[in-house]
Amino acid sequence: MRLSTLRHACRNLPTPSVHQPRTGVRVFGLAKRSLPLGHSNNSQLLLRAACSISGTTSAEKAPKLGKQTDGPGYENTIRENVQRTKEKMVALQRGHPALKPTLAIIQADEDDRLLEINKKMAGKIGLNITQICLPRECTEDEIIEEVLKLNEDPRVHGVYLHLPPASLTSRVLNTLRPEKDVDGVSDLNVGRLVRGDMSQGFTPPLANAVMELLARHDTPMEGRTVLVVGGEGPLGVALQCLMQRGGMVVLNSRRSSEGLQKQMMQANAVVLLAAGHMDVPPTWLRPGTAVIHCGSALMTEDHGREMSGVGPLTAALRMRNVVQSSSRWAQGQQYRPWTLRSLKLQPLSPVPSDIEISRAQTPKPVDQLAQEIGLLQEETEAYGRTKAKVRLSLLDRLREQPDGKYVLVAGITPTPLGEGKSTVVIGLVQALSAHLKLNSFACLRQPSQGPTFGVKGGAAGGGYAQVIPMEEFNLHLTGDIHAITAANNLVAAAIDARMLHEATQTDKALYSRLVPSVNGVRRFSPIQIARLCRLGISEIDPRALTPQEVSSFVRLDLDPAKVTWQRVVDTNDRFLRKITVGQASTEKGHVRETQFDIAVASEIMAILALADGLGDMKTRLGRMVVGSSRSGQPITAEDLGVSGALAVLMKDAIKPTLMQTLEGSPVFVHAGPFANIAHGNSSVLADKLALKLVGEDGFVVTEAGFGADIGMEKFFNIKCRASGLRPNVVVLVATVRALKMHGGGPNVSAGSPLPREYIDENLSLVTKGCSSNLRKQIQIAHLFGVPVVVALNVFKTDTQAEIDLVCQMAKESGAADAVPCHHWARGGRGSVDLAQAVKQASSQPSHFQFLYSQETPIVEKIRMIAQKVYGADDIELSPEAQAKIDYYNQQGYGKLPICMAKTHLSLSHLPEKKGTPTGFTLPIRDIRASIGAGFIYPLVGTMSTMPGLPTRPCFYDIDLDPVTEEITGLF
């Protein structure tokens, strides 16, 4: 029978009416003073008719009845089921002490009789019951609204729809999540029962109750005939399936059927499913026929009827289903083995453009990918078909799960063209997952749209090692950078507005506006109470503050010349590097010079990358220092009263975005802080989530921006210090092109053809580059006690002799292994050797250590980085830098780690110095602090935080087909 037919039949179940009791046979399931069946004066509830006697009066003709339903047999059936369920409940709570399973009952009136019988059974087992009473004439939409709420309520593990048959529409029943449908009436659960797969479904409790009673019949029912009267709908189908599996012959009939008497005479048992009045003469029943009436367990409008009969047993079996649902839920909270399906690649030669490759592959639906890697449905928030946010609740669910292996991809000092760290990350993960069949996850930064439309292009990888869809990755993604922009600029607006209002109003006027009277009552907001505490004011009654306390409260007294907070925009716009604000007449002459930074340079981006949860992010946002008062005191975002609003703007951005590679491997894209004035790494949260998901034997591969001297050093000293995570392996990316540059080759610049030295074989330049920069970067990694595998990203102009030379010299310089990688042209298959080398290196013990301790003074931290990492002889502090150090020590910031802001094109502060410069002193011209992010950043030279557009930006080639909506020109 088709399920759509079942739904139609279910809608047409008859509604019972009130009838006066008559004399006659009363069968199991009828409440006392309730629905008569036949003409017996016996008032007890009975399971079966023993025999019929002819030749007597009407009263004497009544069958001799046995096995009373209020007798020990029936009570034992209930008691045994309750006991078994209670034992399962105890075992469940032993492993999950906080779990308290709950059954929710939705009903369309205020009749509490059914609630009471279910509550009684729930109390015996230790379950909770909640009741939702809707109006008798409630609409389908009202029912669905309540069902949807219960679907999303993690405290509810079962839902019983105690509604009139007309209300149990297909739409209502199939809105209920099958895993909470403990009465087994949804299409999916009925289908599972028909198919015989009950590993995830539920059998209707009433059907189970009937089967339990039939099993207790004096005569085994296998091979016997059972007549089901009124067996339409899912309950009838379920009962028929169970009976047939029990070897019974099942007859179906409507109670109005003309052949009902004949069918009853053929039956060894009769099950009356239809609720309502039904007269059955005793002469219709064969001797020993079992008769079970289920009317009292069905929806009824008979308010005069007691809830007894089949009802208590049905309630007990419903509780069993609730406990089973809770057990499945608890099992579902455990770590789930991956069932990752890799996508096949068919690499072409020559290799097409990145966007052509991306578009040629059909990504898996993101919900399918999420299921394959063990995410629960409620842990993802889809943004379209191919990307989804992942909720941080995953960390709580898998908190006992051991982490996988943690791999960092860094690089040698790059050329201005970049050396392909992102492609190595993706190629390595594709090799691990699709070819070595090891759980693996890539964690990448979200790219800024500035470079995407400027010179560099996107950051989704390249060739056959990409994140797809690459156009979604490179553009808006899920809006995190837009959220950062909004939050950052809200702070900027709050700063200028506050300075204007303080400059143009008295203390009294400011106070009356900051703490207004609402309905005659003035009260401080929670964030204002926090400011009072920081000021040492314990009074929280606005009327009780002294004039001096009022003045301290309302005046931040920000010095316009010492405001350090800038506005941001996610576009390369050189004309915003220096601007003037406040020129409108409404700002009353309060003009000041300021600037725009690119959005990813915002401290809020760095906070997003380092926060380990929503609470931590909110705290960090609140302690961001936006400037100083005229008295030299730091002013924070919390002082401005804006930190709560910032957390609201960032509440979704804190969730990593799930995407996939060309071969279907999972990728987290999250955060994208600058690698010069910030630490240049993807988020702590993305790494933590991925390490739990891959399992103990899996791999998480993340990337550090720029060369190892910058991105890797900050990864270790800042990110690992904040996260508590420890890497197992460093993959150091090198290219023949970059090594030739460090060996003395001519300058390389974006947009210009490569000189011949980089196209023709030149072993001399390669040797000098390996013995200088490559050797030094391997040594830097060893400072932190982590094994190194060198990945040579092979270009088509590289010769075999050059490739062999690099790998040989890398091993001689201390690398655990060095392998050529061809992922750009071949995908994951081209990085299998790298994957095997990483797997081998990760099995070695890691002796990770920080370069410096938190207690080390600021100056010494800077000196250690300069000397041990960059190779400088010493540092030189400007007077301004020394004054800042003294100020930060005074404010208690001396224990923060150091985030050096210097050029990425050289180990020194001079971009033109390639290889391994020596004999230089590192100048520190200024020092600044990102207190919210949690680091101090010395400025080595001039750092641009707003890129500009070149003569011919990338946007010349980017276009949209208005018919197909396909994007062209991205790379």
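In what follows, residues are counted from 1 in the order of the sequence shown. Below, each value reflects all heavy atoms present in this structure, side chains not excepted, and no hydrogens, waters or symmetry copies.
The side-chain heavy atoms of Leu148 and Ile144, taken from C-beta on, include a pair separated by under 4.5 Å. At least one side-chain heavy atom of Leu260 sits less than 4.5 Å from a side-chain heavy atom of Ser253. Side-chain atoms of Val366 and Thr380, non-hydrogen and from C-beta on, never get closer than 4.5 Å to each other. Counting heavy atoms from C-beta outward, Arg224 and Leu214 have side chains that stay 4.5 Å or more apart. Residues Leu376 and Arg336 are in side-chain contact: their nearest non-hydrogen atoms beyond the backbone lie under 4.5 Å apart. Residues Leu150 and Ile132 form a side-chain contact, since some pair of their non-hydrogen atoms from C-beta on lies under 4.5 Å apart. A 4.5 Å side-chain heavy-atom check between Ile373 and Val694 finds every atom pair outside the cut-off. Annotation: side chain of Val147 is not in contact with side chain of Lys180 (no heavy-atom distance under 4.5 Å).
Contact record, Thr175 with Asn151: O-ND2, 2.8 Å, taken as the closest heavy-atom pair. The shortest heavy-atom contact between Phe202 and Asp181 is CD1-O, 3.3 Å. Pairing each heavy atom of Ala209 with each of Leu317, the nearest pair is N-CD1, 3.2 Å. In this structure, Gly223 and Val249 approach most closely via the heavy-atom pair O-CG2, 4.4 Å. Contact record, Trp338 with Leu693: NE1-O, 2.8 Å, taken as the closest heavy-atom pair. Of all heavy-atom pairs between Ala315 and Met121, the closest is CB-CG, 3.7 Å.
Around CZ of Arg245, the count of heavy atoms belonging to other residues, nucleotides or ligands within 6.0 Å exceeds 12. Heavy atoms of other residues, nucleotides or ligands lying less than 6.0 angstrom from CZ of Arg84 number more than 12. Remark: Gln371 CD is loosely packed, at most 12 non-hydrogen atoms of other residues, nucleotides or ligands lying under 6.0 Å away. Remark: Lys100 NZ is packed, more than 12 non-hydrogen atoms of other residues, nucleotides or ligands lying under 6.0 Å away.
At least one donor-acceptor pair closer than 3.5 Å links the side chain of Arg399 to the backbone N or O of Asp396. With hydrogens and angles disregarded, no donor-acceptor distance shorter than 3.5 Å links the side chain of Asp197 to the backbone of Arg192. Side chain of Arg397 to main chain of Gln333: a donor-acceptor pair is present (N/O by atom type, distance under 3.5 Å, no hydrogens or angles). Judged purely by atom type and a 3.5 angstrom limit, Asp183 has no side-chain atom pairing as donor or acceptor with the backbone of Tyr160. A side-chain donor-acceptor contact under 3.5 Å links Lys364 to the backbone of Gly664. The backbone N or O of Lys149 sits nowhere less than 3.5 Å from a side-chain atom of Asp153 that would complete a donor-acceptor pair. No donor-acceptor pair under 3.5 Å is formed between the side chain of Asn81 and the backbone N or O of Leu313.
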From CA spacing to verdict: side chain to side chain contact (heavy atoms under 4.5 Å, CB included), His157, Leu99: CA-CA 10 Å; His157 299 92; Leu99 180 61; 3.6 Å; yes
Evaluate the side chain to side chain contact (heavy atoms under 4.5 Å, CB included) criterion for residues Asn439 and Asp697: first the C-alpha distance (whole Å), next the side-chain angles of each, then the deciding distance (0.1 Å), finally the verdict. CA-CA 7 Å; Asn439 294 353; Asp697 298 323; over 6 Å; no
Any chance you could lay out the side chain to side chain contact (heavy atoms under 4.5 Å, CB included) test for Leu242 and Val210, step after step, and finish with the verdict? CA-CA 10 Å; Leu242 294 174; Val210 170; over 6 Å; no
For Leu239 and Met211: C-alpha separation, side-chain torsions, deciding distance, then whether side chain to side chain contact (heavy atoms under 4.5 Å, CB included) applies. CA-CA 8 Å; Leu239 193 53; Met211 295 302 294; 4.2 Å; yes
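Glu140 and Arg171 are joined by a salt bridge, as a carboxylate oxygen and a charged side-chain nitrogen come within less than 4.0 angstrom of each other. Remark: Arg216 engages Glu80 in a salt bridge, criterion side-chain N to carboxylate O under 4.0 Å.
Atom NZ of Lys262 and atom CG of Leu227 lie 13.0 Å apart (nearest 0.5 Å). Annotation: the span from Glu379 atom CD to Leu658 atom CG amounts to 11.5 Å, rounded to 0.5 Å. Put simply, CZ on Arg177 and OG on Ser325 are 11.0 Å apart, with the number rounded to the nearest 0.5 Å. Atom CD in Gln93 sits 9.0 Å away from atom OG in Ser326 (nearest 0.5 Å). To the nearest 0.5 angstrom, Ser167 atom OG is 9.0 Å from Leu134 atom CG. Of the inter-residue distances, the one linking Leu394 atom CG with Leu689 atom CG reads 5.0 Å to the nearest 0.5 angstrom.
Tested against Glu381 for a salt bridge (charged side-chain N to carboxylate O under 4.0 Å, His left out), the candidates Lys387, Lys389, Lys655 yield a single pass: Lys655.
Asn321 and Arg318 share no donor-acceptor pair across their side chains, judged by distance under 3.5 Å alone.
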